[in-house]
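Below, chains carry the letters A, B, ... as their sequence lines are ordered, and counting in each starts from 1.
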Amino acid sequence: MSGCSCNDFNRAQLLRRGVAVAGKGLPAIEPGMPLPAGTGMDRRSFLLRTAGAVVSVYGASMLGARHFEEGIAQAAAASPNNPLQGLSLDYSLAPALATEKMPVAAVSSPTDYNMWAYGFDEPIAGPAMEAFGQLGALGAPSPAYAQARGAAWDTSIVLKEMAPFVGPEGKPTYTAPVPYPKDGGEFAGRLEALAAMLAAGLPIKCASLTGIGTYDTHSDEPTTLSTNLGQTVESVVAFQRDLEARKLDDRVIVQLWSEFGRHPQENGSGTDHGAAGVAFLIGTQVAGTMIGEFPGLAKLDENENLVNTSDFRAMYCSLLEQWFQTEAGLVIPEAASFERPTLLKA
Amino acid sequence: VVYGLTRPSGEAVLNGPAPRNEEGEPLDPAHTWGDDHCWWLDRMVRSDQPLVERMTFIWHDWFANSNEQVDSAQLMLDQNQMFREQALGSFYDLFLAVTSNPAMLVFLDGIENEKGDSNENYAREMMELFSLGADRGAYTEDDVREMGRALTGWQAEWSSEGGMHNFHYDPSKHDEGQKTVFGQTGNWDWEDAVGMCVAHPLHPSFFVTKLWGYFIPTQPDEATLASLQGIYTSSGFSIRAVVEAILQHPDFYEGPELVTPPVVYNAGLLRAIGRYIDTTAWAWLSSGAGQQLFYPPNVSGWEFSRWLDTSTVRARWELANYVVANTYPNPWPAEGEPEYDPTETAAQALASALAYWGQPPLSSESQQCIAQFAQSCLPADMAEWEQSSYRAIRQNALRMLIATSPDMQVS
């Protein structure tokens, strides 16, 4: 404790500001406010102090065109029987993928997504897991049962879908056509698995991952930032090369974002909370131009933070309409009030 | 039955052996990661005052502080004991204790809130999350600011050896000016702040509705709401009186279920088989399922309506598997070890698995589904040696299917 100025910018404030922003149109930048770098779609998304990557896959399968009730994953045409349509490669579901009704999935490690138990083996284990899934398909007499049975059913589907990727002792069954960085940790491994899953034709529409390390660099910023960002970017570059080698590159774009910006004035060895941030779009279909402009350090806002020159929600509106061909207003409050920067190649 | 739960007398008795880690050593909840979680889980398993533990758990979520920010397991444990002592008393007393509680003073910046340099963090949450609720017209942004001024004066010291310590009220740091809160002007202080929140006309409806929500997922009807508010105010803000009314309400018995939080699921499985804390694995297992005690995700607590996804369901399977780890029949016993009954029928197998978990109430459709599995899972042409082994595997599968069944995730 103490020493860290996180103390005057804790999760309570993030939470309430997240709430204040989520439904109230164009926000003003408050002191220490993480706008407008995050998704801003869900109050909990403001609570994550990390960088993330969202991988959007268009036209991955021939599923029907229903919409997610909320969240960025709404962009994809949703199916009531495809939990992989919105996939968090993480220990729990990313807030941006949280839906009200449509099934989505969280898988921390595709190579060991199995359900092992003591004294449990074939030829009984197979039928047992069938029964596990059937217990999830017995109807929903109450919302609690709907959640419990729905999650059991989704889990049984994901188990089957992941089975080809689970090797002995969690070793992968696939080989990437390109090298991934050795120090990329879980992030690189998950991207490598994701490319293999996409190549195998799994019906993934939108996937989310958390980047390497943390980015709340109150101290030791030069080392922390260059290490974490360096490893994250190297992993994403490997993923892109992987997609190209597998000829999947025209169907996938990666959005890389950080939740909030830093204060321009350093505090000694790091920077405190600031405002304005950046996001990158990567992929062969992406226009590859800068949206907005660097505001410069000469003119800062009243809290001496960077001035934001483009609202992050405009980017999401464009992504929804230009990539997912979905009406942005279904997902983003007051979508009509935002610009539509051109993100994709003509 | 209800009064037996809500009116315990004296100190709780912990039945059964004291908690131990894998090495058989006593837990060290103030210093060892996960031991704090397991120390409390043990109380949930062994206490003869289970409702007190359940209420302590509710207050931990209601006034959610995380050791992630507090950074002192001892302060968290002290707060936990305070919740336990005040679990069923007066909400006014509890709210006073929370407002001056060291972990809370750290977590919501009470000690950063000084005359002339007001930090409004606690002022806002004490109204929005703890006593009145947002977007109900209960308070204005001006009230938040003025309340922040009223709360000034709490201080603490920090040292590298002792961390945060010497929490105290320093009148010289308190803003002695006039403050106007809810239209009333005076030189209010932190006790006035709590008193004004509790006396606010919109507090009783917030309190009884939020408390109701921990036990029953549907909204109380208007008559019930009015009755609960009447009980609450006429009893002098008695938590016990409201809990007793909720626990005797027909909706509690006949209404729909809630998804069971991971820790409650864990405690329930351990109690069902009579196992005590003999490993600290429960901390990471429960964390994987979405709930580590003393580490709620943020100040508004855990999301009780969203426990289950494809990752946390798998985590509950893993947790259940740890529960059975010491008592499962080995399908492949070594020479001289007993072998599993090679003649057990499907019906006997299911009865045995249900008895293992203490006859949990499964829905008829789930029981039928599991019975069907028991009936059909063995191969038709088993070799002599497979008769016993496969029946042992079937027993293990049945136990896991029952423990992880959707029925066991709701209550």
Part of B/Pro217 within contact of chain A (heavy atom distance under 4.5 Å): neither

Within 45 degrees of the axis of the six-membered ring of B/Tyr340 and under 6.0 Å from its centre: does B/Arg391 put its NZ or CZ there? no

Counting only non-hydrogen atoms closer than 4.5 Å, does B/Gln409 touch chain A with its backbone (N, CA, C, O), its side chain (CB onward), both, or neither? side chain

Taking every non-hydrogen pair under 4.5 Å, which of B/Ser66, B/Gly163, B/Ser366, B/Ala392 racks up the most with chain A? B/Ser366

In terms of heavy-atom pairs under 4.5 Å, which option from A/Gly126, A/Gly136, A/Ala151 contacts chain B the most? A/Ala151

With chain A, the option among B/Ala374, B/Ser411, B/Ser305 that has the most non-hydrogen atom pairs under 4.5 Å is B/Ser305

Taking the six-membered ring for Trp, are the ring centroids of B/Tyr322 and B/Trp284 within less than 6.0 Å of each other? yes

Shorter than 4.5 Å, heavy atoms on both sides: which option in B/Thr312, B/Leu398, B/Val410 has the most such pairs with chain A? B/Val410

Side chain / backbone / both / neither for B/Leu401 at chain A, heavy atoms under 4.5 Å: both

Ignoring hydrogens and geometry beyond distance, is a side-chain donor-acceptor pair present between B/Tyr390 and A/Glu122 at under 3.5 Å? no

Side chains of B/Asn119 and B/Asn113: donor-acceptor distance under 3.5 Å anywhere? no

Checking A/Phe132 now: which residues fulfil ring-ring contact (aromatic ring centres under 6.0 Å, His included) with it, not counting sequence neighbours? B/Trp317

Chain B: which of A/Leu159, A/Ile157, A/Asn114, A/Val158 shares the most heavy-atom pairs with it under 4.5 Å? A/Asn114

Could you check whether atom CD of A/Glu304 has more than 12 heavy atoms from other residues, nucleotides or ligands sitting under 6.0 Å from it? no

Most contact-rich option vs chain B, by heavy-atom pairs under 4.5 angstrom, among A/Ala131, A/Pro123, A/Pro127, A/Ala105, is A/Pro123

Do you know which of A/Leu93, A/Asp121, A/Asp90 has the most heavy-atom pairs with chain B at a distance under 4.5 angstrom? A/Asp121

What part of B/Trp307 gets within 4.5 angstrom of chain A, counting heavy atoms only: side chain, backbone, both, or neither? both

Does one side chain, of B/Thr310 or A/Thr155, offer a donor that lies under 3.5 Å from an acceptor on the other? no

Please evaluate residues B/Thr404 and B/Arg316 with respect to the criterion side-chain contact (heavy atoms from CB on, under 4.5 Å), reporting the C-alpha separation (whole Å), side-chain torsions for both, the decisive distance (0.1 Å), and the verdict. CA-CA 7 Å; B/Thr404 62; B/Arg316 286 192 186 213; 5.7 Å; no

Report yes or no: do A/Tyr113 and B/Ser311 form a side-chain donor-acceptor pair below 3.5 Å? no

Let's test your reading of the structure: which of B/Ser72, B/Cys377, B/Gly288, B/Pro256 forms the most heavy-atom pairs below 4.5 Å with chain A? B/Cys377

Top contributor to chain B interface from A/Ala106, A/Ser108, A/Gly139 [non-hydrogen pairs under 4.5 Å]: A/Ala106

